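Note that the structure is a prediction, hence the values are computed from the model and not measured. Within every chain, numbering begins at 1; the chains are lettered A, B, ... in the order of the sequence lines, protein sequences first and strands thereafter.
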Amino acid sequence: MRVSVIGTGYLGSVHAAGMAELGYSVVGIDPDADKIAALSAGSAPIFEPGLDELLMRHLRSGSLRFSSDVEDAAGADVHFVCVGTPQLSDGLGADLTDIHAAIDSLAPLLDRPSLVVGKSTVPVGTAHQLSDKLARRAPAGADAELAWNPEFLREGRAIEDTLRPDRLVFGVNSERAEKILRELYGTAIAGGTPVVVTDLATSELVKVSANAFLATKISFINAIAEVAEVSGADITSLADALGYDDRIGRKFLNAGVGFGGGCLPKDLRAFMARAGELGVADALTLLGEVDAINLRQRERVVELAQRLAGGSMIGRRVAVLGAAFKPHSDDVRDSPALTIAGQLHLQGADVAVFDPQAMEKARVIYPTLEYADSVVDACTGAHVVLLLTEWPEFRELDPAELGDVVAARVVVDGRNCLDGNAWRAAGWTYRGLGRR
Amino acid sequence: MRISVIGTGYLGAVHAVGMAELGHTVVGVDVDETKVAALSRGEAPFYEPGLDELLRKHVGTERLRYTTDMAEIEGCDVHFICVGTPQRRDGLGADLTHVDRAVDALAPHLNGSCVVVGKSTVPVGTARRLADRLAKLVSSSADVDLAWNPEFLREGFAVSDTLYPDRLVLGVSTQRAEERLREVYARAIEATTPVVVTDLATAELVKVSANAFLATKISFINAISEICEVAGADVTQLADAIGHDERIGRKFLNAGLGFGGGCLPKDIRAFMARAGELGASHALSFLGEVDAINVRRRERVAEIARELAGGHLIGRRIAVLGAAFKPESDDVRDSPALNVAGRLQLQGAHVAVYDPKAMENARAVFPTLEYAPAAVDACRGADVVLHLTEWREFRELDPRELADVVAARNVVDGRNCLDAAGWRAAGWTYRGLGRP
Ligand SMILES: NC(=O)c1ccc[n+]([C@@H]2O[C@H](COP(=O)([O-])OP(=O)(O)OC[C@H]3O[C@@H](n4cnc5c(N)ncnc54)[C@H](O)[C@@H]3O)[C@@H](O)[C@H]2O)c1
Ligand SMILES: NC(=O)c1ccc[n+]([C@@H]2O[C@H](COP(=O)([O-])OP(=O)(O)OC[C@H]3O[C@@H](n4cnc5c(N)ncnc54)[C@H](O)[C@@H]3O)[C@@H](O)[C@H]2O)c1
């Protein structure tokens with residue numbers, strides 16, 4: 001089968017490489033010429049473990065190529081749409097400009113039976129609209145069909161998630177579309193991945209609901225951490241105790257500075273906006289609380305740093321460990337680490353940031369922060385050290401060694417992942433969130 | 001070990017006989033004479049699968065007795081407090097008078113070395129306060145300390161949850177309390193039940209947080225089902241799809257009429273009230289949304305019933321299948337089924353209720369509803385049939401047979417568990433929640 005992937009950002013570049021790995025002949029399309037040049041040279045414009053190797057292998061074998069000309073997608077049997085759907089710059093809803101543009105450019109090329117498969121995260125109802133548009137504009141008419149197959153990959157494990165997903169959701173209008181998708185994902189399905197076949201609207205909602213639930217779970221435990229803090233309880237053992245209940249589960253119950261990234265925050269807001277358009281805004285006011293709890297965690301860390309620095313940030317040096325919104329990623333979109341760093345900087349602190357992978361991307365959006373070459377550099381002379389992204393190498397830091405370079409041994413563990421006792425034993429003032 | 005159980009309601013009656021089954025010598029104490037008389041005859045004062053058998057096995061042996069005389073607890077090694085902590089009449093907080101009275105009544109009878117163990121669900125900080133109260137009241141000859149061991153049993157599975165809990169949470173301030181409790185639960189611990197040992201405050205918070213999470217999960221999917229309704233999506237397929245994500249899990253994702261009973265609603269309200277007292281009300285304002293979503297489902301079901309009845313309810317006959325707040329229970333405290341039945345009656349409908357186990361309890365709280373001896377009788381002449389508690393026998397109803405007795409074939413499946421296709425095939429207008 002010949003496959004095209006329209007939009008080769010985080011999702012699309014991995015998806016294109018993954019489809020090649022599964023044995024298909026793949027072309028990745030993106031108007032961003034720099035991105036295409038990098039991908040064609042086998043170097044991903046993003047950090048994703050294993051991606052470069054995969055790209056290299058399939059570029060060499062000839063089963064994978066990239067192009068900035070959408071005409072090169074003509075002739076494929078299946079077209080995956082993976083373009084971005086960011087938050088509108090002037091509202092909470094999703095900006096669907098790119099996805100409409102992608103369909104507009106693709107439709108005239110569809111002169112034979114083909115399947116267009118949406119993977120981007122979209123507000124419910126979008127697929128139905130796009131499907132009408134496709135039928136009107138494609139020369140093949142109704143034979144150019146639309147399906148929705150939302151993507152659940154996690155950055156940092158994107159390749160594994162693409163090749164062996166935990167579930168496949170097919171939103172389809174016909175048996176033909178289902179059959180093609182089952183064939184495409186034959187390897188995963190044979191390997192036991194469950195498939196949920198449903199309509200377009202349900203498949204769109206599955207994706208935003210899953211993200212909304214994960215966001216809710218994170219904000220839930222962070223809200224409880226706020227109560228734990230004022231009642232002298234310990235959120236870590238509380239989460240362990242909750243997690244044994246299999247209706248709850250321990251995963252995503254780590255209290256800390258909360259979620260960020262290019263998906264959860266924007267998806268949450270787009271979901272609320274869409275509910276409003278559908279006349280049921282009330283249904284999702286819960287998610288407004290989830291969003292508020294999440295943003296409040298960032299403020300709490302800023303306040304905590306202020307208090308520990310003696311009240312005023314002016315002239316204080318702060319080391320921020322972490323810039324990516326989560327470890328094993330260089331994605332800094334809506335990163336809690338960077339928003340905290342930015343706020344402390346605005347309050348007069350001298351902020352030095354270190355991240356193992358995300359320095360370059362961080363520098364682009366927060367050029368006025370200082371970027372250090374190593375953890376030790378960032379911490380040298382610091383009055384407060386903030387751990388804000390739980391990279392394994394930060395967990396393994398030796399508090400005694402670090403104690404020698406800082407100006408004051410004060411650490412805020414924004415991810416509750418350090419061994420509080422060990423840091424205290426090395427003379428540090430250790431503060432977690434919701435932890436004694 | 002010699003054990004006393006103070007308060008023998010749902011929790012205490014099961015806990016007492018469970019402790020006897022584990023080989024301990026148990027005395028159960030309650031102020032309610034009728035309850036104690038029933039238990040002493042080996043009869044459970046409420047319906048709980050397996051409880052009668054276990055009572056018959058142990059009552060009358062030297063292992064287990066029930067009494068109203070507090071003096072009989074003298075000499076026990078461990079005293080479990082299992083009295084009620086209902087919602088206050090004048091607010092959202094928990095009414096702690098029973099717990100306080102139980103402690104006051106217990107204290108004079110304590111001597112030697114013993115541990116008082118709270119099992120009731122209480123606001124964080126209560127245990128600390130009770131420990132001080134106890135210290136003031138007990139005689140100098142007694143060596144007492146207080147622990148908190150919240151209970152996670154589910155009505156309907158109470159016996160097996162007591163004998164084989166999924167986790168044990170021990171909130172202790174001394175080694176001795178921990179050792180005693182480990183001895184009490186030795187059998188479960190050997191059988192690999194995980195134990196979380198923590199402080200009093202964390203133990204108290206674990207229980208209310210677990211209930212808050214479960215309530216949040218239920219309201220989450222119910223909020224999504226509101227969106228599904230307007231977007232034409234199917235919440236049951238959606239739940240299957242997001243449930244495959246192990247960070248979410250399929251359990252407690254059944255959209256429907258929502259939660260009720262003697263625990264979840266009062267516990268989340270008491271939790272909010274307590275957060276307010278601690279100055280952290282903002283942390284839990286999301287639970288207000290959870291509560292509101294839940295109550296809104298009751299309104300919605302009443303609304304669908306009214307729609308199906310032709311726009312008004314005056315003089316319409318409505319059959320309500322289910323009165324207990326959940327199946328395998330006769331508990332009608334804050335029951336969604338009865339709440340809906342009551343609403344419809346207040347709007348002029350003639351409502352006939354049937355429940356396999358909860359008729360008597362229902363009649364006590366809603367005496368003006370009609371109670372039918374069987375599902376068929378409740379449905380006779382009905383304009384709308386509402387399925388509101390998912391007892392197995394309701395799922396097994398034959399829609400063709402029932403069709404012959406109703407006035408109009410309208411069914412509202414408030415638990416989304418009837419076979420919609422089967423009912424429709426038999427000529428019914430079937431309405432679920434959040435599904436087409
Ligand atoms: N990143 C993730 O972890 C993830 C996971 C699941 C779903 N998603 C969803 O996938 C979608 C893409 O997310 P992303 O993180 O890859 O975003 P991204 O911004 O990294 O990538 C989007 C790409 O689409 C390209 N593009 C824009 N307009 C185009 C057009 N008309 N034709 C072709 N290409 C075009 C852009 O140049 C960009 O390279 C979003 O809807 C997102 O919510 C992302
Ligand atoms: N029912 C459940 O499924 C469940 C599960 C976990 C926790 N809990 C918690 O356990 C506690 C008890 O709940 P329940 O459902 O068993 O309530 P319940 O109302 O059925 O039982 C409480 C019992 O305590 C007795 N009592 C009141 N004051 C007393 C006193 N001073 N001395 C002795 N007995 C006294 C009452 O007569 C009654 O029999 C509550 O805090 C509840 O939140 C209940």
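- Ranking K251(B), K207(B), E226(B), E229(B) against chain A, the residue ahead of the rest is K251(B), based on heavy-atom pairs under 4.5 Å.
- Interface remark: L214(B) contributes side-chain atoms only to the contact with chain A (heavy atom separation under 4.5 Å).
- With respect to chain A, the highest number of heavy-atom pairs below 4.5 Å among V230(B), V169(B), D245(B) belongs to D245(B).
- Listed options V124(A), V169(A), L284(A), L200(A) were ranked by heavy-atom pairs under 4.5 angstrom with chain B; first place goes to L284(A).
- Only the side chain of R296(A) has a heavy atom closer than 4.5 Å to any heavy atom of chain B.
- Looking at D282(A), both its backbone and its side chain come within 4.5 Å of chain B, counting heavy atoms on both sides.
- With a 4.5 angstrom heavy-atom cutoff, R154(B) touches chain A only via side-chain atoms.
- Of all non-hydrogen atoms in A228(A) and L205(B), the two that sit nearest each other are CA-CD1, 3.8 Å.
- Around atom CD of E175(A), no more than 12 heavy atoms belonging to other residues, nucleotides or ligands sit under 6.0 Å away.
- The distance from the OG1 atom of T216(B) to the NZ atom of K217(A) is 12.0 Å, given to the nearest 0.5 Å.
- Of the listed residues (R247(A), H128(A), R436(A)), the greatest number of heavy-atom pairs within a distance under 4.5 Å of chain B belongs to R247(A).
- Within 6.0 Å of CD on E246(B) lie no more than 12 heavy atoms contributed by other residues, nucleotides or ligands.
- Between A283(B) and I293(A), the shortest heavy-atom contact is O-CD1, 4.2 Å.
- Ranked by heavy-atom pairs under 4.5 Å with chain B, the list A201(A), S231(A), A275(A) is led by S231(A).
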Review point. Going through the checks in order, is the side chain to side chain contact (heavy atoms under 4.5 Å, CB included) test met by F271(A) and I224(B)?
Key: CA-CA 10 Å; F271(A) 199 10; I224(B) 301 297; 3.5 Å; yes
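- Scanning both residues, F220(A) and S209(B), for their nearest heavy atoms gives CZ-O, 3.2 Å.
- Across all non-hydrogen atoms, the minimal contact from F286(B) to A223(A) is CE2-CB, 3.6 Å.
- Looking only at heavy-atom pairs under 4.5 Å with chain B, the residue among D240(A), D245(A), L278(A) that has the most is D245(A).
- Listed options D234(B), I248(B), T198(B) were ranked by heavy-atom pairs under 4.5 angstrom with chain A; first place goes to I248(B).
- The residue among G171(A), A239(A), S219(A), A210(A) with the most heavy atom pairs within less than 4.5 Å of chain B is A210(A).
- Annotation: maximal heavy-atom pairing with chain A below 4.5 Å, among F213(B), F271(B), F152(B), F252(B), occurs at F213(B).
- Of the two parts of V195(A), neither the backbone nor the side chain holds a non-hydrogen atom closer than 4.5 Å to a non-hydrogen atom of chain B.
- Heavy atoms only, all atoms of each residue included: A223(B) and A283(A) are closest at CB-O, 3.2 Å.
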**Study point:** Residues R154(A), R247(B); criterion side chain to side chain contact (heavy atoms under 4.5 Å, CB included); working and verdict
**Key:** CA-CA 12 Å; R154(A) 293 159 292 177; R247(B) 300 164 297 178; 3.4 Å; yes
Check your understanding: Could you go step by step and tell me if L238(A) and V196(B) meet the side chain to side chain contact (heavy atoms under 4.5 Å, CB included) rule?
Key -> CA-CA 9 Å; L238(A) 185 145; V196(B) 177; over 6 Å; no
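- With a 4.5 Å cut-off on non-hydrogen atoms, A203(B) does not touch chain A at all.
- Note: H244(B) NE2 to L168(A) CG = 10.0 Å, rounded to the nearest 0.5 Å.
- Both the backbone and the side chain of A212(A) have a heavy atom closer than 4.5 Å to some heavy atom of chain B.
- Contact annotation for R296(B): only side-chain heavy atoms (C-beta onward) come within less than 4.5 Å of a heavy atom of chain A.
- Counting heavy-atom neighbours within 6.0 Å of R157(A) CZ, excluding the residue itself, gives a total of 12 or less.
- With respect to chain A, the highest number of heavy-atom pairs below 4.5 Å among N222(B), L284(B), I221(B) belongs to L284(B).
- Under the 3.5 Å distance criterion, with hydrogens and angles disregarded, a donor-acceptor pair is assigned to the side chains of T285(A) and E289(B).
- In this structure, the separation between CG on L286(A) and CG on D291(B) is 12.0 Å, given to the nearest 0.5 Å.
- Heavy atoms only, all atoms of each residue included: R167(B) and A241(A) are closest at NE-O, 2.9 Å.
- Taking a cutoff of 4.0 Å between a charged side-chain nitrogen and a carboxylate oxygen, D240(B) and R167(A) do not qualify as a salt bridge.
- For V206(B), the parts sitting under 4.5 Å from any heavy atom of chain A are the backbone and the side chain alike.
- Counting heavy-atom pairs under 4.5 Å between each of A241(B), G249(B), A280(B) and chain A puts A241(B) at the top.
- Rounded to the nearest 0.5 angstrom, T202(B) OG1 and I235(A) CD1 are separated by 8.5 Å.
- Both the backbone and the side chain of D166(B) have a heavy atom closer than 4.5 Å to some heavy atom of chain A.
- Top candidate by heavy-atom pairs under 4.5 Å with chain B, chosen from D234(A), V280(A), D199(A), is D234(A).
- Heavy-atom distances place the side chain of I293(B), and not its backbone, under 4.5 Å from chain A.
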**Study point:** E226(A) and H282(B): CA distance, side-chain angles, deciding distance, side chain to side chain contact (heavy atoms under 4.5 Å, CB included) verdict
**Key:** CA-CA 9 Å; E226(A) 294 183 45; H282(B) 57 280; 3.1 Å; yes
